[in-house]
Amino acid sequence: MQEIKFIKSENLKQKPKDISKVVFGTLFSDYMFSMDYEKDKGWINPTIEEYKDIPLSPSNSTLHYGQAIFEGMKAYKTVNGDVTVFRPLDHLNRLNRSARILDIPEIDVEFVKDALFKLVEIEKDWIPTEKGASLYIRPFIFSNDANLGVSVAKRYKFMIILSPVSAYYSAGFAPVKIMVEDKHVRAVIGGLGEAKTPANYAASLHAGVVAHQKGYHQVLWLDGVNRKYIEEVGSMNILFKIGGKIVTPALSGSILDGITRKTVLEIAKSWGYEVEERKISIDELCECYDNGSLEEVFGSGTAAVISPVGELLYKDKKMVINDGKVSDFSLKMFNYITSLQQGTEKDNFGFVAKV
Ligand SMILES: *Cc1c(COP(=O)(O)O)cnc(C)c1O
């Protein structure tokens, strides 16, 4: 196992006094982790050093061809002072799944987990302790050839940066309005939808802008071939409560295997709910709305944990869910998962890893 080089920073920053004033993703801790990949040497130079700008060639292959992947997870300081990370191995294993899809060299998950824990331990004073706040962890890999030739790169960089974030719902657990996208498509089976890669975000930005102009927060994607089956919400998976059952689109090959999605399904099963992962068409959803069996709609993702949906717009059909108010299951699930993360609820699932 390689030794991680530690370079002490002389420029330690002020930590925020009021985390609720910090905009998501704009503030970073003092240190970052990085290592390089070279074709003949594998992953080398693991280093923890000051968070700072990095030199980049104008011909950097990622800038031109986008061979890059990332993860997003969170560290917490629990009520009894433990430092924990939520499902770190699931996230790092998914990073390797994304790596395989984009022909990026895989990482040694155990080595990177140790490096991540070391970084979080060094930066533990950056973990905000306000309710719902956490230290967001962003591992990412990008191709690092200085070469405009189109090919799989020979050099890569892996980095982990840390960003203290406040509770997603600073103004209370509020439902969002979502527009079902029937023109643009984000991903198709056989494409990149299963990978956590910048390309999927690039493909989603324009539709997001249009949705914003119409007064909607986010876009719900339909399958790219028929524009009929429900996929996911760009940075969240989507779940429904229909006639008492928890229903979510099956992992079709074009949506992300979300770790919060998986967490919700495991917990729902343990509570005795029937859980269905299957194809669900937008027409079926409209029917369920019309006959009153669509009880709840909510998104799942690391950033928000659970995001209740108060309204769905499909073409001209406006579906107001539960009078636009937060519903019971979504709220109970949100409270349960955040209690596991804050250490106020005992973790019988093995989700919480102690640093
Ligand atoms: C990250 C992400 C999600 C949510 O996944 P989690 O593992 O729950 O954070 C959902 N969809 C896409 C496209 C994503 O990139």
Side-chain angles (χ1 to χ4, degrees), residues 24-25 66 68-76 85-99 101-102 109 116 132 134-142 163 165 168 176 178 181 184-189 191-208 211 217-224 229-240 246 248-268 277 297-309 330 333-334 336-338 340-341 349 351-353:
F24 178 90
I69 52 175
F70 65 98
E71 269 305 321
M73 60 182 125
K74 282 176 170 178
Y76 298 85
V85 179
F86 196 70
R87 306 194 79 164
L89 288 176
D90 295 277
H91 282 279
L92 294 176
N93 283 320
R94 187 173 66 188
L95 186 68
N96 272 347
R97 284 209 296 285
S98 300
I101 295 171
L102 278 101
V109 164
L116 166 64
S134 60
L135 188 64
Y136 184 78
I137 302 168
R138 170 56 61 87
F140 58 106
I141 306 178
F142 62 96
S163 177
V165 295
Y168 197 84
V176 294
I178 287 189
E181 179 59 61
H184 304 98
V185 298
R186 188 196 75 114
V188 288
I189 292 173
L192 298 178
E194 253 180 334
K196 205 167 175 76
T197 179
N200 289 325
Y201 285 77
S204 73
L205 293 175
H206 177 67
H217 297 97
Q218 297 202 49
V219 165
L220 176 62
W221 298 98
L222 300 177
D223 79 279
Y229 295 103
I230 293 167
E231 298 238 299
E232 63 167 314
V233 186
S235 58
M236 290 192 298
N237 293 105
I238 190 91
L239 299 99
F240 307 100
I246 306 306
T248 192
L251 300 174
S252 58
S254 53
I255 65 172
L256 195 79
D257 183 358
I259 288 157
T260 318
R261 172 188 181 279
K262 196 154 58 180
T263 300
V264 169
L265 297 182
E266 282 175 61
I267 294 171
E277 295 176 72
V297 180
F298 58 99
S300 70
T302 294
V305 184
I306 299 291
S307 182
V309 176
S330 312
M333 186 58 77
F334 175 78
Y336 189 76
I337 296 175
T338 48
L340 288 175
Q341 291 168 333
F349 297 90
F351 294 155
V352 174

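In listed order, ligands and their atoms are each counted from 1.
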* Is the closest basic N to carboxylate O distance between Arg94 and Asp257 below 4.0 Å? -> no
* Are any non-hydrogen side-chain atoms of Thr248 and Arg261 less than 4.5 angstrom apart? -> yes
* **No-hydrogen, no-angle side-chain donor-acceptor test under 3.5 Å, Ser163 and Arg138** => no
* To do: Answer yes if the side chains of Glu231 and Ser254 hold a donor-acceptor pair under 3.5 Å, and no otherwise.
  => yes
* Asked: Would Gly234 count as a contact of ligand 1 if the rule is a heavy atom under 4.0 Å away?
  -> yes
* Nearest-contact summary for atom 9 (O) of ligand 1 - protein heavy atom, Å -> Thr302 OG1, 2.6 Å
* To do: Check whether any N or O atom of Ile259, backbone or side chain, sits under 3.5 Å from an N or O atom of ligand 1, and answer yes or no.
  => yes
* Structure fact -> Near Gly301 (heavy-atom distance under 4.0 Å), the atoms of ligand 1 are 4 (C), 8 (O), 9 (O)
* ligand 1 N/O within reach of Arg94 N/O, cut-off under 3.5 Å -> yes
* Structure fact -> Rounded to the nearest 0.5 Å, the OH atom of Tyr76 sits from the OG1 atom of Thr338 at a distance of 8.5 Å
* Asked: Would you call Arg186 and Glu181 a salt bridge, using N to O less than 4.0 angstrom?
  -> no
* Measure from the side-chain N and O atoms of Lys196 to the backbone N and O of Leu95, and report whether any donor-acceptor pair falls under 3.5 Å. => no
* To do: Could you tell me the separation between the CD atom of Glu266 and the CD1 atom of Ile337, rounded to the nearest 0.5 Å?
  => 10.0 Å
* Top protein contact for atom 3 (C) of ligand 1, by heavy-atom distance -> Ser235 O, 3.4 Å
* Run the numbers for me: atoms of ligand 1, each under 4.0 Å from some heavy atom of Arg186, listed by number. => 13 (C)
* Looking at Ile101, Ile141, Val109, which hits side chain to side chain contact (heavy atoms under 4.5 Å, CB included) with Asn96? -> Val109
* Specify side chain, backbone, both or neither for Thr260, according to which of its non-hydrogen atoms lie closer than 4.0 Å to ligand 1. => both
* Asked: What protein heavy atom is closest to atom 15 (O) of ligand 1, reported as residue, atom name and distance in Å?
  -> Tyr201 OH, 2.5 Å
* Within the structure, does Glu232 bring an N/O atom to less than 3.5 angstrom of an N/O atom in ligand 1? -> yes
* Structure fact -> Contact region, Met236 to ligand 1, non-hydrogen atoms below 4.0 Å, reads backbone
* To do: Select one of side chain, backbone, both or neither to describe which atoms of Glu194 lie under 4.0 Å from any atom of ligand 1, heavy atoms only.
  => neither
* Asked: Which is closest to atom 5 (O) of ligand 1 by heavy-atom distance: Gly299, Ser300, Pro198, Gly258?
  -> Gly258
* Look at ligand 1 and say whether Lys74 reaches it with a heavy atom at a distance under 4.0 Å. => no
* Purely on distance, is any nitrogen or oxygen of Lys196 under 3.5 Å from one on ligand 1? -> yes
* Structure fact -> Closest non-hydrogen atoms of Leu192 and Ala199, given as atom of the first, atom of the second and distance, are CD1-CB, 3.8 Å
